[in-house]
Number of protein chains: 2
Amino acid sequence: MLYSTAYLEKRLADLQEKLRSEGLRITPQRRAILRALVMEQGHPTAEELHRSLLPEYPTMSLATVYKTITMLKHLGEVLELEFSRDNRFDGHNPRPHPHLICQGCGRILDPDVPGLAEMIDTLKESTGFSVTTHRLDFYGLCPDCKSNNKKDG
Amino acid sequence: MLYSTAYLEKRLADLQEKLRSEGLRITPQRRAILRALVMEQGHPTAEELHRSLLPEYPTMSLATVYKTITMLKHLGEVLELEFSRDNRFDGHNPRPHPHLICQGCGRILDPDVPGLAEMIDTLKESTGFSVTTHRLDFYGLCPDCKSNNKKDG
DNA sequence: TTATGTGCAAACAGTTTGCACATAA
DNA sequence: TTATGTGCAAACTGTTTGCACATAA
């Protein structure tokens with residue numbers, strides 16, 4: 001997940017433009033939440049976003065974070081990863097895509113999975129379903145956590 | 001998901017034997033919950049299980065349903081599908097496997113996904129992760145709901 | 001100026017837990 | 001007989017909502 005600063009600034013500007021074009025107001029809170037969602041590498045929870053914003057915006061409420069994320073989901077600009085506790089949000093790539101989750105450090109990567117589109121086509125053919133979206137999470141240990149485990153064990 | 005009655009009865013007997021061998025008590029409630037989990041086609045929620053048991057076991061509490069499911073998860077005999085609301089449980093195949101979920105009728109199928117093992121091997125190689133488990137859900141419309149949609153539209 | 005957004009606190013829903021009572025072994 | 005399980009109600013946690021006040025446009 002290595003986006004250039006220029007790329008991230010462009011994404012942020014595009015998001016603001018989208019709000020504007022939808023007639024939605026651009027408040028300091030929304031600007032801050034957009035920025036945090038875009039700049040934050042990784043897939044933060046609502047709590048994490050809120051916590052990271054509090055120092056600079058001491059009156060920022062968690063409810064506003066949730067409301068803004070909900071708005072962005074409806075605009076199709078944020079992907080929500082639902083876990084049974086602590087959902088996480090992807091403000092970079094709002095289209096469904098596979099995730100690779102390290103059970104050691106919690107890191108979430110967006111790996112390339114070659115052949116996925118073909119797999120879904122096959123699935124459609126064999127089942128008669130129309131497959132419109134998906135949620136694909138692979139769990140394991142990242143290289144770092146694998147070697148740490150060996151040291152500890 | 002078309003298991004024969006004989007197969008389901010065997011699964012039920014195996015589960016009871018597992019409890020016995022672990023020194024866990026076989027109470028009427030547990031017997032009933034095991035039976036419901038095994039016989040219920042599909043992937044019921046805790047509430048659905050509880051509701052289906054209430055007529056025959058009017059004093060059955062939702063807490064006991066949860067506690068029994070938790071026990072079965074620890075024994076590795078039930079797979080929990082976590083959604084942000086209303087988790088669902090698979091008492092047939094407790095190993096992680098792909099699901100195909102109809103957004104029309106809520107039906108959940110366990111499709112064959114050829115090439116999945118190879119895909120995971122490739123993922124391991126390209127990322128250096130050890131991939132130990134996964135959660136793979138494909139969403140769409142089943143053939144029935146597709147044609148109903150056409151009629152309604 | 002006024003429709004929209006914010007922040008607080010309360011509500012909500014699914015799940016878990018503490019504890020007195022019941023019961024399988 | 002007694003360690004384990006049950007059922008109730010309360011607690012918990014992440015998320016949503018209602019409403020008075022604030023503010024972007």
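Order of the sequence lines fixes the chain letters, A, B, ..., with proteins taken first and strands second; residue numbering starts at 1 for each chain.
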**Study point:** Counter-base of dA22(C), judged by Watson-Crick or G-U geometry with both distances under 3.5 Å
**Key:** dT4(D)
**Study point:** Most 5' of Gly23(B) and Arg85(B) on DNA chain D, judged by nearest nucleotide
**Key:** Gly23(B)
Point to revise | Between C1' of dT13(D) and CG of Asn87(B), the distance in whole Å | key: 14 Å
Check your understanding: With both distances under 3.5 angstrom, what nucleotide forms a Watson-Crick or G-U wobble pair with dT16(D)?
Key -> dA10(C)
Exercise for review: With DNA chain C as reference, determine whether Leu24(B) or Glu47(B) sits nearer its 5' end, using the nearest nucleotide of each.
Suggested key: Glu47(B)
Check your understanding: Would Val38(B) and Leu15(B) satisfy side-chain contact (heavy atoms from CB on, under 4.5 Å), going step by step from the backbone distance to the final call?
Key -> CA-CA 9 Å; Val38(B) 168; Leu15(B) 281 178; 3.6 Å; yes
Check your understanding: Would you say dT6(C) has OP1 or OP2 under 4.0 Å from some side-chain N or O of Thr59(A)?
Key -> no
Review point. Is there a donor-acceptor contact under 3.5 Å linking the side chains of Asn87(B) and Glu80(B)?
Key: yes
**Study point:** Value in whole Å for how far the P atom of dA10(D) lies from CG of Leu62(B)
**Key:** 16 Å
Check your understanding: So what does Pro58(A) hit on the nucleic acid, given a heavy-atom distance under 4.0 Å: a base, only sugar-phosphate, or nothing?
Key -> nothing
Review point. Counting only heavy atoms not in Glu56(B), do more than 12 fall under 6.0 Å of its CD?
Key: no
**Study point:** N/O donor-acceptor pair under 3.5 Å between Arg30(A) side chain and Thr68(A) backbone
**Key:** no
Point to revise | Rounded distance in Å - CD (Glu22(A)) to P (dG5(C)) | key: 12 Å
Check your understanding: Roughly how many Å is it from CD in Glu82(B) to P in dT13(D), rounded to a whole number?
Key -> 17 Å
Check your understanding: If each of Gln29(A) and Thr45(B) is mapped to the nucleotide of DNA chain C with the nearest heavy atom, which maps nearer the 5' terminus, i.e. the 5' end?
Key -> Gln29(A)
Check your understanding: Ser61(A) has a side chain; which of dC8(C), dG7(D), dG14(D) sits nearest to it?
Key -> dC8(C)
Check your understanding: Quick one: does Arg25(A) reach the base of dT4(C) with a side-chain donor-acceptor pair under 3.5 Å?
Key -> yes
**Study point:** Distance, rounded to the nearest Å, where Glu80(B) contributes CD and dT16(C) contributes C1'
**Key:** 12 Å
Point to revise | From dG18(D), dT6(D), dA25(C), nucleotide with atom closest to Lys67(A) side chain | key: dG18(D)
Practice item. Look at Arg30(A) and dG5(C) and indicate whether a side-chain polar atom (N or O) is within less than 4.0 Å of OP1 or OP2. Key: yes
Check your understanding: Quick one: Arg51(A) CZ to dG14(D) P, roughly how many Å, whole number?
Key -> 11 Å
Practice item. Return the orientation label for the His99(A) and His97(A) ring planes: parallel under 30°, perpendicular over 60°, tilted otherwise. Key: tilted
Check your understanding: Rounded to the Å, how far apart are Ile33(B) CD1 and dG7(D) C1'?
Key -> 12 Å
Review point. Can you tell me how far P of dA22(D) sits from CE of Met60(A), to the nearest Å?
Key: 18 Å
